[in-house]
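Worksheet: one structure, shown below.
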Amino acid sequence: MSLAERRNAPQIAPDAAVTAAGVTVAYGTRVIQRGLDFTVHKGDIFIIMGGSGCGKSSLLRVLMGLVPPAQGTVYYGNRDFWGGDSAERDAVMRRTGVMFQSGALWSSRTLAENVALPLEYYTDLSPASIRDIARFKLAQVGLAGFEDFYPSEISGGMKKRAGLARALALDPEIVYFDEPSAGLDPVSAARLDELLLQLRDTLGMTVIVVTHELASIFAIANNSVFLDAKTKTMTARGDPHDLLRHGPEEVVEFLTRGKGRGSAS
Amino acid sequence: MDPAFAIAAEQGVLIVSASGENRTGGALSDRARAGNTAKVLKSLDAPGLTAVRFLAPGLDAWDPLLLARLLSVAREAEARGLSVDASGLPHGMGRVLDMALAVPPQNAGGRAEEPGFLETVGEKALAWPKIASAVLDFLGAITQSLARLLAGRASVSSRDVWAVFRECGVDALPIVTLTSLLLGLILAFVSSMQLKLFGAEVYVASLVSVSMVRVMGPVLTGIVLAGRTGASFAAVIGSMQVNEEVDALQSFGIRPVDFLVLPRVLGMVLMTPLLTVYADVAGISGGFLVGALMLDIAPAVYIENALSFLSLSYLWIGLFHALVFGFIISFAGCYEGMNCERNAAAVGRAATAAVVNSIVGIIVATSIITVILTEIGL
């Protein structure tokens, strides 16, 4: 099937949350990944994996709507995200949450105000109710008592958790995570993984994660795509547990090297 | 003096031996080592070679330069299809060399060569239409955002507008007081020197009041605000770009223009005229001090003279200037901030550009307004 046909007639599964259709990711004129096709189903914990510099984070920025793809498009449900107008895109983005690699908290606001901002922007709730929701979201990620701290006053790991609380502020259907466990100690990373599983199981969220932490991948993922830096395209997709047994050589190598290391710790 | 590398060929194997002189601070000069490496590279082209072997007899320590030379020899050898045998090197050295050889050089695109003079001029000229269209796009985005606000489809948080009011209003009062008062003093002094020649010192009062209200007050306020607030707009929004905070807004479907730019533009456009009125009063007071204390003009006469020449239209003209300046400063600050690249140096550049562009904009706008007003006879 040619790229054009694929774009005109995408095969969208009925339970698809996010579908990439022939997505090419470029940085300026330099193509980083081309021809990406994959489907994230509702309730998936979907991992975008691959070595450093293969374009994982760039792909994430395309999926979450910050940067348009050089080619192809992304479907949310069965609606063409990049083909629609910007008001439609805003509406979709309101229903997604993002945890940025460094937290990206608004530095002029306290943690509670960070969580409260989207609620203030989109809801008519009273300030007291918004404050209660912010408190609850922060408690959910283990930051009760830190409501009035500024982002510069807390540690890197706490910033990430606060970023997660903010991502959950509007009870999104889809949550994106950019390297959630990078810079966290193993115990905190494992806790974050548990939190992700709980969110999926209790709130039915779809979770899309960029990571190369193998311990995380095997603990939480049920679907994935593997981006290869050399061929600049995806070389495998599916459940990482299956890929470990039947995947292409470089994927198995990627998954086993880390597995040995992961089980040793 | 021994050469850096001794070369010998045996049965198609080129043997390259590094001697003990190959050390930082060793007896060999850099030039000798480089010349010798060139010779080794040349001898790779000898017919019948199949392999290169590195030896290092009596070498107890080595420096990065030696490794760099060996690496270039090994790469050249591999490019010619010769096998490289580094087993004759000390263990650690061989391993470091293997690590460097393991990944072939990537064609990552590299950096373009430094452009020449004509090329630089051409590029700058070609960049103009791009900058112009980016500025127009930004202007369009602000207009759309304002339209959304007026249609009730966007919400500007009043808290942000108040913060801007404070930043370019109350917080700027001390410096505006000082500069306007002093400007009034200077105007009074300089004009009194000339007017004294005609015995018309009393007109110092009207000269100061008219020039402050009509143009000097707004220009001075504009320049103070450009340096204070315009730079801070650019730096704050620029560092939010660096820190992905702008992306975070966008990720919620909140438009950064609605949220970051519009409150600043609105706040500044509303606040600059108010601050200008204050600056006018401070400037006229400065002139009054000089007139009453140093030129011995009776206070009542001074005030009478200052006000009698001051028509309301001068005040409107001054306020119009201030409105335009407020827009120019906030626009330049926000534009530079929103277009800031993602590194620390870029934030500094954005702040500088915001101030410079604001001040240039203020002067240019003043000239244009003055010419137009003169043409229509105001």
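Labels below follow one simple rule: chain letters A, B, ... track the order of the sequence lines, proteins then strands, and each chain is numbered from 1. Only a predicted model underlies this, so the values are computations on that prediction, with no experimental measurement involved.
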**OP:** State whether A:Arg95 and A:Asp90 are salt-bridged, where the test is any N-O pair (Lys NZ or Arg NE/NH1/NH2 against Asp/Glu carboxylate O) under 4.0 Å.
**Re:**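 The answer is no: the pair does not qualify as a salt bridge.
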
Subject >> Side-chain H-bond candidate by donor/acceptor type, A:Ser126 with A:Ser129, under 3.5 Å >> reply: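 Checked: A:Ser126/A:Ser129 side chains pair up, N/O donor to acceptor below 3.5 Å.
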
Original post:
Side chains of A:Gln33 and A:Ser58: do they bring a donor and an acceptor to under 3.5 Å?
Top reply: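 Absent: no donor and acceptor within the cut-off.
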
Original post:
In terms of the angle between their ring planes, are B:Phe331 and B:Tyr335 parallel, tilted or perpendicular, with boundaries placed at 30° and 60°?
Top reply: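 Answer is parallel, since the angle falls under 30°.
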
Given the options [options], which has more heavy-atom pairs under 4.5 Å with chain B than any of the others?
options: A:Ser86, A:Ala104, A:Gly103; answer: A:Ala104
options: A:Ala87, A:Ala169, A:Pro172, A:Ser107; answer: A:Ser107
options: A:Met99, A:Glu113, A:Gln101; answer: A:Glu113
options: A:Val98, A:Leu117, A:Thr96; answer: A:Leu117

**OP:** Check side-chain hydrogen bond (donor to acceptor under 3.5 Å, both in side chains) between A:Thr233 and all other residues, then give those that pass, not counting sequence neighbours.
**Re:**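 So A:Thr233 forms no side-chain hydrogen bond (donor to acceptor under 3.5 Å, both in side chains) with any residue.
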
Subject >> Heavy-atom pair count under 4.5 Å with chain A, highest-scoring of B:Val246, B:Asp247, B:Asn243 >> reply: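 The option with the most such pairs is B:Asp247.
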
Original post:
Given that the side chain runs from C-beta out, which part of A:Leu105 has a heavy atom under 4.5 Å from chain B: side chain, backbone, both or neither?
Top reply: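 Contact with chain B involves the backbone of A:Leu105 alone.
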
Subject >> Contacting moiety of A:Tyr176, where chain B heavy atoms sit under 4.5 Å >> reply: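 Contact with chain B: none, neither part.
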
**OP:** Starting at CD of A:Glu213, measure out to CG of A:Leu192 and round the result to the nearest 0.5 Å.
**Re:**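 Taking CD in A:Glu213 and CG in A:Leu192, the distance rounds to 11.0 Å.
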
